[in-house]
Student: 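One structure, pasted below without further comment.
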Amino acid sequence: MATTAVTVGLLVLGSLAGAGTASADGEDVHHQGGAIATLDGLKTFDSARIDTGNGKAKTVSAGLFEMNVEGGGRLQTYCIDIHNPTQNKAKYLETPWGQTSLGANKDAGKILWILRNSYPQASDLNALAQKAGAGRLTPETAAAGTQVAIWRFSDGAKVEAKNAQAEKLADWLEAQAQNLQEPKTSLTLDPNAVSGKSGDKLGPVTVRTDADKVSVTADADAAAAGVKVTDKNGQPVTSAVNGTELYFDVPAGTADGKASLTARTTTQVPVGRAFASASKSQTQILAGSTESTITADATANWATKGAIPSVTAEKNCTAGGIDVTVSNAGDTAFTFELAGAEHTVGADESKTVTVPVGEDEAYDFTVTGPGGFSERFQGVLDCETQGTPAPGTSGGGETPPSSPSPSPSGDTTGATTGDTTGGTTGDTTGGTTGDTTGGTTGDTTGGATGGGDLAVTGSSSATPLIAGIAVALVAAGGAAMFFLRRKKAAGQ
């Protein structure tokens, strides 16, 4: 009985843990393209002080994060979401400004000016210090001064660099900054889903890129069906540039089906591109990039008759939700279910439904229709910064126990030095590094090994339930052994 209890406990643990991991794996469903990267921690930083109100201030770390790009490459980023935490090894997606807090920020272009005119883009620190009247700058103080200047525009924060030369750099950058236009995407396809009848060219799918050239390939399903990727004149396309329009050329009589194409390039991601997390981790903005491999996919559905749907989705920060657009290239209406409600889109029409999502809330919904049609969308709506909170609120003094942040070395133990305000990496209220409530040993106030929401790092929010079940099962096994021994003793 004891052996059975332990075995059942392990099976329960395995099934629940597996469910948590599966959920995390789907976080980038229907990403429209651009760089995908994993946070590697705060690497180059110094200290800053944030005014939290009522004459109080908190010390945080301020500087450059680094990320690893899927497919190869490395990014350097600054934080533009000071009071939110970072999650260790969080996945980040290159995202348009309009789908982040930058979309409603009239000073977003000034942040881009700072990025282009300060460290690490301005790598000659002696020349940068001379321009700013900052004496001598190190990579650490230059990064801190740059981050402080960015926070003043991204979050409206009252923040100063602790180092005098870093503070002079921050003041100079703030005074000199000018509004610039949002940079181009590294690579996206617009739209990333189309539909139509066999015998037609389905599209167009427009290439948006900052790279000189991208390669274009069709998947195995397209090749098997005789579907080719072409231009509007039907000429095969294997490479493209910004603005190229791509089509899926489906031969007449082709059996109903689905295929995809992939655009790929190796390039430096443009400075100033925003990176939003697939989980709840503070938004970043790009300061530098190595040559990185970027991909984007688009799909096509085709049929000979009936409804022929395709679905796209994007964040709508103005409306506070996700815009889901369902297009129907068929000759009969398409009825679908979304967020518990039924909708119908007519033949050769499209309809956009906005699914309300609260700020900082995760969303996970599926568009379903006849014939097993199903398209799933997941992510987090993060369109705002909190501004400077009052003392005792998240980011302003007390640390909530649900958001672990990596230390400067990128581990999950909480913060290394500093305190509870919330800068870029350390502290569970949203800080940069710096908070002693999480502690280097990861206690339950915010260290990733002692408490907090670990679901985004591949664990599961069901951990307490799992532990409780395991304890109960082991206890049951122990009790069974106790009673068996008593029974045996009574028989003797």
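Hydrogens, waters and symmetry mates play no part in the numbers below; they use all other heavy atoms, side chains included.
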Student: Check whether the side chains of D219 and S260 place a donor and an acceptor atom closer than 3.5 Å, and report yes or no.
Tutor: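 Per modelled atom types, D219 and S260 side chains form a pair under 3.5 Å.
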Student: side-chain contact (heavy atoms from CB on, under 4.5 Å) for R376 and Q378? Distances and angles first, verdict last.
Tutor: CA-CA 7 Å; R376 185 181 182 187; Q378 294 173 281; 3.1 Å; yes
Student: CG of D382 to CD of Q99: how many Å apart, nearest 0.5 Å?
Tutor: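 Interatomic distance, D382 CG to Q99 CD, rounded to 0.5 Å: 12.0 Å.
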Student: Side chains of V311 and F377: does their closest heavy-atom pair fall under 4.5 Å?
Tutor: yes
Student: Using a 4.5 Å cut-off on heavy atoms from C-beta on, say whether the side chain of T185 contacts that of P96.
Tutor: no
Student: Specify the closest pair of heavy atoms between Q165 and L137, including all atoms of both residues, with the distance to one decimal.
Tutor: O-CD2, 3.9 Å
Student: Is the backbone N or O of K56 less than 3.5 Å from a side-chain atom of N54, with the two atoms forming a donor-acceptor pair by type?
Tutor: no
Student: Report the distance from atom OG of S101 to atom CD of E359, rounding to the nearest 0.5 Å.
Tutor: 8.5 Å
Student: Give a yes or no answer on whether the side chain of T100 reaches the backbone of L102 with a donor-acceptor pair at less than 3.5 Å.
Tutor: yes
Student: List the residues meeting side chain to side chain donor-acceptor pair (under 3.5 Å) with S292, not counting sequence neighbours, and say none if there are none.
Tutor: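 Partners of S292 under the side chain to side chain donor-acceptor pair (under 3.5 Å) test: none.
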Student: Who passes salt bridge (Lys or Arg N to Asp or Glu O under 4.0 Å) against K168, sequence neighbours left out?
Tutor: none
Student: If the threshold is 4.0 Å, N to carboxylate O, is there a salt bridge linking K280 and E361?
Tutor: no
Student: Considering residues at least two apart in sequence or located in another chain, which fulfil the side chain to side chain contact (heavy atoms under 4.5 Å, CB included) criterion with T244?
Tutor: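 Only V207, A240, V241, L246 meet the side chain to side chain contact (heavy atoms under 4.5 Å, CB included) criterion with T244.
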Student: Please walk me through it: do L64 and Q147 pass side-chain contact (heavy atoms from CB on, under 4.5 Å)?
Tutor: CA-CA 8 Å; L64 277 168; Q147 176 67 92; over 6 Å; no
Student: Hey, mind stepping through T267 and L187 against side-chain contact (heavy atoms from CB on, under 4.5 Å) and telling me if it holds?
Tutor: CA-CA 9 Å; T267 187; L187 173 62; over 6 Å; no
Student: If you measure from CZ on R264 to OG1 on T293, what distance do you get to the nearest 0.5 Å?
Tutor: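 It comes to 7.5 Å.
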Student: Please lay out, stage by stage, how K162 and D46 fare under the test salt bridge (charged side-chain N to carboxylate O under 4.0 Å, His left out).
Tutor: CA-CA 8 Å; K162 277 194 168 182; D46 200 75; over 6 Å; no
Student: Which pair of non-hydrogen atoms, one from V194 and one from G203, has the smallest distance, and what is that distance?
Tutor: CG1-CA, 4.2 Å
Student: For S239 and V237, which heavy atoms make the closest approach, and how far apart are they?
Tutor: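 Minimum heavy-atom separation between S239 and V237: O-CG1, 3.2 Å.
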Student: Cut-off 3.5 Å, no hydrogens considered: what does the side-chain donor-acceptor table look like for residues 111-120, sequence neighbours left out?
Tutor:
| from | atom 1 | to | atom 2 | distance (Å) |
| --- | --- | --- | --- | --- |
| N117 | ND2 | W113 | O | 2.7 |
| S118 | OG | T146 | OG1 | 2.7 |

Student: Go through the structure and list residues passing side chain to side chain donor-acceptor pair (under 3.5 Å) with K110, not counting sequence neighbours.
Tutor: none
Student: State which residues pass side chain to side chain contact (heavy atoms under 4.5 Å, CB included) with A339; sequence neighbours excluded, sorted by chain then number.
Tutor: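 Checked A339 against side chain to side chain contact (heavy atoms under 4.5 Å, CB included); matches are V355.
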Student: Measure from the side-chain N and O atoms of W97 to the backbone N and O of G272, and report whether any donor-acceptor pair falls under 3.5 Å.
Tutor: yes
Student: Under the rule for salt bridge (Lys or Arg N to Asp or Glu O under 4.0 Å), what residues qualify as partners of E167, not counting sequence neighbours?
Tutor: R152
Student: Kindly indicate, with the supporting measurements, whether the criterion side-chain contact (heavy atoms from CB on, under 4.5 Å) is fulfilled by F373 and V367.
Tutor: CA-CA 8 Å; F373 182 87; V367 178; 4.2 Å; yes
Student: Are the side chains of K91 and S279 in contact, using a 4.5 Å heavy-atom criterion?
Tutor: no
Student: Give a yes or no on whether the backbone of L93 and the side-chain of T95 come within a donor-acceptor separation of less than 3.5 Å.
Tutor: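 Between the backbone of L93 and the side chain of T95 there is a qualifying donor-acceptor contact (under 3.5 Å).
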Student: Please check: side-chain N/O of Q76 versus main-chain N/O of L286, any donor-acceptor pairing under 3.5 Å?
Tutor: no
Student: Can you name the residues that form a side chain to side chain donor-acceptor pair (under 3.5 Å) with Q268, not counting sequence neighbours?
Tutor: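 Per chain and number, Q268 pairs via side chain to side chain donor-acceptor pair (under 3.5 Å) with no residue.
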Student: Around atom CD of Q130, are there more than 12 heavy atoms of other residues, nucleotides or ligands at under 6.0 Å?
Tutor: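 No - once you tally the heavy atoms of other residues, nucleotides and ligands closer than 6.0 Å, there are 12 at most.
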Student: If you measure only the distance, is there a donor-acceptor pair under 3.5 Å linking the side chains of D297 and T262?
Tutor: yes
Student: Calculate, to the nearest 0.5 Å, the distance between atoms CD1 and OG1 belonging to I50 and T59 respectively.
Tutor: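 Answer for the CD1-OG1 pair, I50 versus T59, is 9.0 Å.
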Student: Charged N to carboxylate O below 4.0 Å: is that the case for E94 and R273?
Tutor: yes
Student: Without swapping roles, check the side chain of T209 against the backbone of S186 for a donor-acceptor pair under 3.5 Å.
Tutor: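 Checked: pair present.
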Student: For K258, check salt bridge (Lys or Arg N to Asp or Glu O under 4.0 Å) against everything at least two apart and list the hits.
Tutor: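 So K258 forms a salt bridge (Lys or Arg N to Asp or Glu O under 4.0 Å) with E375.
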Student: Please check: side-chain N/O of E245 versus main-chain N/O of P204, any donor-acceptor pairing under 3.5 Å?
Tutor: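 Not a single qualifying donor-acceptor pair exists.
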Student: Any side-chain heavy-atom pair from Q121 and V271 closer than 4.5 angstrom?
Tutor: yes
Student: When you check the side-chain N and O atoms of Y92 and S281, is any donor under 3.5 Å from an acceptor?
Tutor: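 There is such a pair (donor and acceptor under 3.5 Å, judged by atom type) between the side chains of Y92 and S281.
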Student: If you take all heavy atoms of A170 and G145, which pair is closest and at what distance?
Tutor: CB-O, 3.3 Å
Student: Could you tell me which residues satisfy side chain to side chain donor-acceptor pair (under 3.5 Å) with T44, sequence neighbours excluded, listed by chain and number?
Tutor: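 Partners of T44 by the side chain to side chain donor-acceptor pair (under 3.5 Å) criterion come out as none, since no residue qualifies.
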Student: Taking the side chain as C-beta and beyond, is there a heavy-atom pair between K184 and R208 under 4.5 Å?
Tutor: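 K184 vs R208: side chains apart.
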Student: Would you say the side chain of Q282 lies within less than 4.5 Å of the side chain of H83, judging by non-hydrogen atoms?
Tutor: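 Counting from C-beta outward, H83 and Q282 never come under 4.5 Å.
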Student: Output the distance between atom CZ (F45) and atom OG1 (T141), rounded to the nearest 0.5 Å.
Tutor: 13.0 Å
Student: Measure across A48 and A62 and return the closest heavy-atom pair with its distance rounded to 0.1 Å.
Tutor: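 That closest heavy-atom pairing would be CB-CB, 4.1 Å.
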Student: In a table with atom names and distances, give each donor-acceptor pair under 3.5 Å that connects a side chain of residues 315-326 to protein atoms at least two apart or in another chain.
Tutor:
| from | atom 1 | to | atom 2 | distance (Å) |
| --- | --- | --- | --- | --- |
| K315 | NZ | V380 | O | 2.9 |
| N316 | OD1 | T318 | N | 3.1 |
| N316 | OD1 | A319 | N | 2.9 |
| N316 | ND2 | D323 | OD1 | 3.4 |
| N316 | ND2 | D323 | OD2 | 2.8 |
| D323 | OD1 | T354 | OG1 | 2.6 |
| T325 | OG1 | T352 | OG1 | 2.8 |

Student: So, T265 side chain and I294 main chain: donor-acceptor pair closer than 3.5 Å or not?
Tutor: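 No, because the side chain of T265 does not come within donor-acceptor range (under 3.5 Å) of the backbone of I294.
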Student: Measuring only between side-chain heavy atoms, which start at C-beta, is D190 closer than 4.5 Å to V205?
Tutor: no
Student: Can you name the closest pair of heavy atoms from A263 and L189 and give their distance?
Tutor: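 Where A263 meets L189 most closely, the heavy atoms are CB-CD2, 4.2 Å.
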Student: Could you check if a side-chain atom of D40 sits within less than 4.5 angstrom of a side-chain atom of M67, using non-hydrogen atoms only?
Tutor: no
Student: How long is the span from the CG atom in D81 to the CD1 atom in I285, to the nearest 0.5 Å?
Tutor: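 Rounded to the nearest 0.5 Å, the CG-CD1 separation comes out at 12.0 Å.
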Student: For D124, enumerate each residue passing the side chain to side chain contact (heavy atoms under 4.5 Å, CB included) test, keeping only those at least two apart in sequence or located in another chain.
Tutor: N126, A127
